[in-house]
Q: 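The structure is given below, and queries will be raised subsequently.
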Amino acid sequence: MPRAVATAWETIGTVVGNTSTYEFTFVLKSYRSRVGDLVAVRMDVPGDAPGSRQERIAWGRITAISRFNPFFPQEAAHELTEAAVPLLDTVLSTSRDYLQAEVLILGVTSTSEDEMDRLFPLTYPIQPAAPVLHPPSSSVKRLLGGDQKRKTAMQVGTLLSRSDVPVELAADRVVARHMAILAMTGGGKTVAARRILAELIRLRYPIVIFDPHGDYIGLWEACQRGEAIMGDVDVKLFYPHMAMSTENQDIVRTLIAKMTTGLTEPQAEILSDLLGNVQPKAGSSVLDYIAALLQRLEKNVKDAQDKRKIPSFFVVRRSLTTVQDRLEKMELTNERMRTILKDLKFEKLPDPEGRPEGIVRPGQVSILYLSGYDHLTQSTIVSIVMEALFNHRATLSNRIAPFLALVEEAHNFIPSAREGTSETPSLATLRKVITEGRKFGTGLLLVTQRPSRVDETILAQCNSFLVLRLVNPKDQSYVRQVMENLSETDARLLPGFGPGQGLVSGQAVRFPLLVSIRMDKELVSSNLGDEDFLEQAERWKPDAKASTRKKAAAVASELGNGRRTRTRRGKP
C-alpha cells in the first residue's frame with residue numbers, strides 16, 4: 001500500500017477571494033513563506049463516476065506577496081509625517097497588518113507520496129477558506145523528481161526560497177534541445193554555465209567551448225590539480241588555427257572580402273576573380289592562402305595585357321596585405337594573451353575537418369581560446385569549426401560522438417538583424433545547428449548578457465532557459481517575447497535577483513522555478529580576477545626593446561611605401 005502524505009505539514013495560510021484553476025490568493029502567516037516558495041492545498045476534485053470525489057493535492061508557486069494594515073490609514077501617515085509625532089504616542093496599531101500571497105497553480109498530484117511525482121493539470125477550482133500548507137522537503141523533492149536518482153539529472157543549485165530542496169535539470173533535454181543562459185554582467189551567467197558543465201563532465205559528455213575571454217580556463221586548472229569535481233575527464237586548451245578545406249573556403253573567402261573594404265567595383269571584381277581561381281591547399285592556413293593569393297596577383301600584374309588594370313591590381317594587393325597584417329597581428333595578440341596566462345598549456349586546434357576526434361570525444365572538454373581576435377574573425381573561426389563538426393554528425397560518418405557546444409558572448413556570434421547580421425559568418429552556421437542539431441546529437445548552450453541583441457529566431461529555438469538578473473528594460477521585454485511561459489509577475493523579479501539567483505524554465509524542468517545556483521569555486525581560474533590598473537599604471541615602465549622594434553618597423557614601412565610609389569609610376 002502506498003504511504004499517505006505526512007500529516008505534519010505546516011498550515012501557513014487560508015485561501016481567500018475568488019479562485020480558479022490557474023491561480024488563487026491566500027492570507028499568509030507572518031514570516032512563514034516568501035516569493036518563489038512552493039505551497040500545497042488539499043482538495044476534493046470530481047471522480048470518474050458522476051457525483052463522486054477524490055482527494056488530491058494542488059501545488060502552486062508564490063509569485064507575489066503584498067502587505068496591508070487596515071488600522072494604519074494613509075491619512076494617519078500623512079499627519080504623523082507633517083506633525084513629527086512619534087508613532088508610540090498615538091493609538092495607531094502597527095501589529096494588525098496582514099500578508100496576502102498570490103499563487104500560480106502548477107498542477108495536482110495524488111495524496112500518496114509514492115505517486116507525488118506524477119503531476120496533472122488542475123481542472124476544478126480550489127475551495128475558498130481551504131488551509132494552505134507548507135510541504136516538507138521530502139515531498140517537494142518527490143514532486144520535482146529529485147529523488148528518482150536519474151542518471152541524466154544534473155543538480156544546478158537549490159530552490160531560491162528553500163536551500164534544503166535541490167533543483168535538477170534533465171541533462172538529455174539540455175544537450176539535445178539547446179539551452180540559453182541570460183543575465184547582465186555580474187549576474188552569475190558564467191557561474192551557472194560552469195555548474196552545468198561540471199554536471200556534464202560528471203557524465204563524461206563531450207563538450208566544446210568557444211571562449212572569447214578565458215572565462216572557462218579554470219576547468220583546465222582544476223583538471224591539472226586533480227579536483228574531484230573533474231573526475232577523469234581530460235581538458236584541452238586550444239588556440240585557433242584556421243585550416244583551409246573545400247568545405248570552409250567560402251567562409252574564408254567571405255572573411256577576406258569583408259576585411260577588404262573600400263574597393264571600387266573594378267577592384268572588387270579583380271578580388272572576386274582571384275578568390276574564385278586560387279584554390280587553397282587542403283590543411284593550409286588562412287595566412288598561407290592569402291600568401292598564395294598575393295603570389296597569383298603578382299603573376300597577374302606581370303601578365304597583364306591591359307596596363308590600365310595595373311593600378312587596380314596594386315590596390316587589391318595593398319588590401320590583401322592589410323588583411324594579412326591584421327590576421328598576423330591578431331595571432332600575435334592571441335599568443336601574447338596566452339603568455340600572460342602563466343603555467344597554462346595551449347595546443348594548436350586540430351583540423352576540425354580532417355581530425356575532428358581530436359576536438360570531440362567522450363571524456364574530453366575542448367576550450368578554444370579566442371582572445372585577441374576581432375569579432376569578425378572570431379565569428380569566422382566559430383563558423384569553420386562548427387560547420388565541420390556538425391557535418392560529421394549530419395552525414396552520420398561516426399567520426400565523432402554527440403556533443404554540446406557552449407558559445408559565450410552569444411550576441412557577437414548570432415546577432416539580431418538590427419546588429420548587422422551580414423558581418424557575422426557564424427550566424428548561418430549556428431542557425432542550422434540549432435534547427436537541425438537535435439536530430440544529429442549536436443546541442444548548443446548559449447550564454448549572453450545582452451539578450452536583445454541575439455537573433456530572435458535562434459533564441460526562440462532554445463527549449464530551456466536560465467534567466468538571472470536583467471536590469472535593462474529592452475532585454476527584459478525581449479526575453480518575455482522569446483519565453484512564452486514567462487509571466488509578467490516573474491518578469492518583474494528579474495531586476496531584483498542577486499548574483500547566481502534566477503528563474504529556470506523549459507523542458508529541462510517540470511515547471512518554472514526560482515533557483516539559487518551553486519558556486520563551484522574550484523572551477524574559477526586563478527589567472528583571472530579584477531585587474532588593479534591603478535597599481536599597474538604606477539609600476540609601468542616603457543619597454544626599450546619594443547621602442548626599437550617600432551622604429552625598425554617604421555623604417556621598413558617607409559621603404560615599402562617607396563617601392564609601392566615607384567611601382568605606381570610604372571616601375572614594378
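Note that these values count all heavy atoms, side chains included, but never hydrogens, waters or copies made by symmetry.
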Q: Does D288 form a side chain to side chain donor-acceptor pair (under 3.5 Å) with S285? I'd like the steps, not just the answer.
A: CA-CA 5 Å; D288 291 336; S285 69; 3.1 Å; yes
Q: How long is the span from the CZ atom in R162 to the CG atom in D37, to the nearest 0.5 Å?
A: 6.0 Å
Q: Between the side chain of T339 and the main-chain N/O of E335, is any donor-acceptor distance below 3.5 Å?
A: yes
Q: Name the one of V433, V447, L446 that satisfies side chain to side chain contact (heavy atoms under 4.5 Å, CB included) with V407?
A: L446
Q: Do L159 and L514 come within less than 4.5 Å of each other through their side chains, counting heavy atoms only?
A: no
Q: Side chain of Q364, backbone of G358: donor and acceptor closer than 3.5 Å?
A: yes
Q: Evaluate the salt bridge (charged side-chain N to carboxylate O under 4.0 Å, His left out) criterion for residues R177 and D172: first the C-alpha distance (whole Å), next the side-chain angles of each, then the deciding distance (0.1 Å), finally the verdict.
A: CA-CA 8 Å; R177 296 178 181 270; D172 55 327; over 6 Å; no
Q: Determine, for D455 against R418, whether the closest basic-nitrogen to carboxylate-oxygen distance falls under 4.0 angstrom.
A: no
Q: With a 4.0 Å cut-off, would you call D215 and R194 a salt bridge?
A: no
Q: Side-chain contact test, heavy atoms from C-beta onward, threshold under 4.5 Å: evaluate it for I414 versus R453 and give yes or no.
A: no
Q: Any side-chain heavy atom of V479 sitting closer than 4.5 Å to one from F465?
A: no
Q: According to salt bridge (Lys or Arg N to Asp or Glu O under 4.0 Å), does anything in residues 348-357 pair up with another residue at least two apart or in another chain? List the pairs.
A: E357-R399
Q: Please test E409 against D211 for side-chain contact (heavy atoms from CB on, under 4.5 Å), starting from the C-alpha separation and ending with a verdict.
A: CA-CA 8 Å; E409 303 281 352; D211 190 356; over 6 Å; no
Q: Looking only at heavy atoms, what is the nearest atom pair of P451 and L459, with distance?
A: O-CD2, 4.4 Å
Q: I'd like to know if the side chain of R173 reaches the main chain of M179, judged simply by a donor and an acceptor atom lying under 3.5 Å from each other, with no hydrogens or angles considered.
A: no
Q: What's the shortest heavy-atom distance between P240 and Y373, and which atoms?
A: CG-CE1, 3.6 Å
Q: Do R204 and D232 meet the salt-bridge criterion of a basic N to acidic O distance under 4.0 Å?
A: yes
Q: Please answer whether the main-chain N or O of E522 pairs with a side-chain N or O of R225 as donor and acceptor at a distance below 3.5 Å.
A: yes
Q: To the nearest 0.5 angstrom, please state how far the CD1 atom of I217 sits from the CD1 atom of I209.
A: 11.5 Å
Q: Which heavy-atom pair separates V454 from A410 by the least distance, and what is that distance?
A: CG2-C, 4.5 Å
Q: Between D475 and S452, is there a donor-acceptor pair closer than 3.5 Å when you use the side chain of the first and the backbone of the second?
A: yes
Q: Treating S379 as the side-chain partner and H375 as the backbone partner, does any N or O pair qualify as donor plus acceptor under 3.5 Å?
A: no
Q: When you check the gap from the basic side-chain N to the acidic O, do E199 and R202 get nearer than 4.0 Å?
A: yes
Q: Using 4.0 Å as the upper bound for N to carboxylate O, is an ion pair formed by D520 and R195?
A: yes
Q: Could you go through T321 and I290, starting from their C-alpha distance and side-chain angles, then the distance that decides it, and tell me whether this counts as side-chain contact (heavy atoms from CB on, under 4.5 Å)?
A: CA-CA 8 Å; T321 303; I290 294 176; over 6 Å; no
Q: Please test F210 against F413 for ring pair (Phe, Tyr, Trp, His ring centres under 6.0 Å), starting from the C-alpha separation and ending with a verdict.
A: CA-CA 10 Å; F210 296 100; F413 299 99; 7.4 Å; no
Q: Which word best sums up how the rings of F346 and Y369 line up, parallel for under 30°, tilted for 30 to 60°, or perpendicular for over 60°?
A: tilted
Q: Tell me the salt bridge (Lys or Arg N to Asp or Glu O under 4.0 Å) pairs involving residues 383-396, sequence neighbours left out?
A: E387-K432
Q: Measure from the side-chain N and O atoms of T424 to the backbone N and O of S426, and report whether any donor-acceptor pair falls under 3.5 Å.
A: no
Q: Measure from the side-chain N and O atoms of Y478 to the backbone N and O of E456, and report whether any donor-acceptor pair falls under 3.5 Å.
A: yes
Q: Which pair of non-hydrogen atoms, one from H178 and one from I434, has the smallest distance, and what is that distance?
A: NE2-O, 3.1 Å
Q: Go through the steps to decide whether L237 and K345 satisfy the test side-chain contact (heavy atoms from CB on, under 4.5 Å), and finish with yes or no.
A: CA-CA 7 Å; L237 285 179; K345 181 182 178 183; over 6 Å; no
Q: Give, for atom CD1 of I251 and atom OG1 of T429, the distance between the pair rounded to the nearest 0.5 Å.
A: 5.0 Å
Q: Less than 3.5 Å apart, any donor N or O on the side chain of Q507 or S464 sitting next to an acceptor on the other?
A: no
Q: As a quick check of understanding, evaluate side-chain contact (heavy atoms from CB on, under 4.5 Å) for D234 and R361, giving each step before the final call.
A: CA-CA 10 Å; D234 188 20; R361 64 181 178 184; 3.9 Å; yes
Q: Does L368 reach the side chain of I381, with side-chain heavy atoms less than 4.5 Å apart?
A: yes
Q: For Q501 and S516: C-alpha separation, side-chain torsions, deciding distance, then whether side chain to side chain donor-acceptor pair (under 3.5 Å) applies.
A: CA-CA 5 Å; Q501 299 175 349; S516 177; 5.3 Å; no
Q: Are more than 12 heavy atoms, taken from residues, nucleotides or ligands other than H241, located less than 6.0 Å from that residue's NE2 atom?
A: yes
Q: Testing the basics here: between L144 and P166, what is the closest heavy-atom pair and its distance to 0.1 Å?
A: CD1-O, 4.0 Å
Q: Main chain of I256, side chain of T260: is a donor-acceptor contact present, judged purely on distance under 3.5 Å?
A: yes
Q: Provide the closest heavy-atom pair for L219 versus M230 in the form atom of the first, atom of the second, distance.
A: O-CE, 3.6 Å
Q: Do L493 and L503 have side chains that get closer than 4.5 Å, going by heavy atoms?
A: no
Q: Check whether NZ of the Lys or CZ of the Arg R338 lies under 6.0 Å from the centre of the six-membered ring of Y239 and within 45 degrees of that ring's axis.
A: yes
Q: Rounded to the nearest 0.5 Å, how far apart are CG of L444 and CZ of F390?
A: 9.5 Å
Q: Say you draw a straight line from CZ of R253 to CG of L275; how long is it, rounded to the nearest 0.5 Å?
A: 6.5 Å
Q: Are any non-hydrogen side-chain atoms of P402 and T442 less than 4.5 angstrom apart?
A: no
Q: Taking the side chain as every heavy atom from C-beta outward, state whether L466 and L182 have any atom pair closer than 4.5 Å.
A: no
Q: Between D117 (side chain) and L143 (backbone), is there a donor-acceptor pair under 3.5 Å?
A: no
Q: With rounding to the nearest 0.5 angstrom, report the CE to CG distance, M184 to L494.
A: 12.0 Å
Q: Quick one: side chain to side chain donor-acceptor pair (under 3.5 Å) partners of R492, sequence neighbours excluded?
A: none
Q: Do L169 and V504 come within less than 4.5 Å of each other through their side chains, counting heavy atoms only?
A: yes
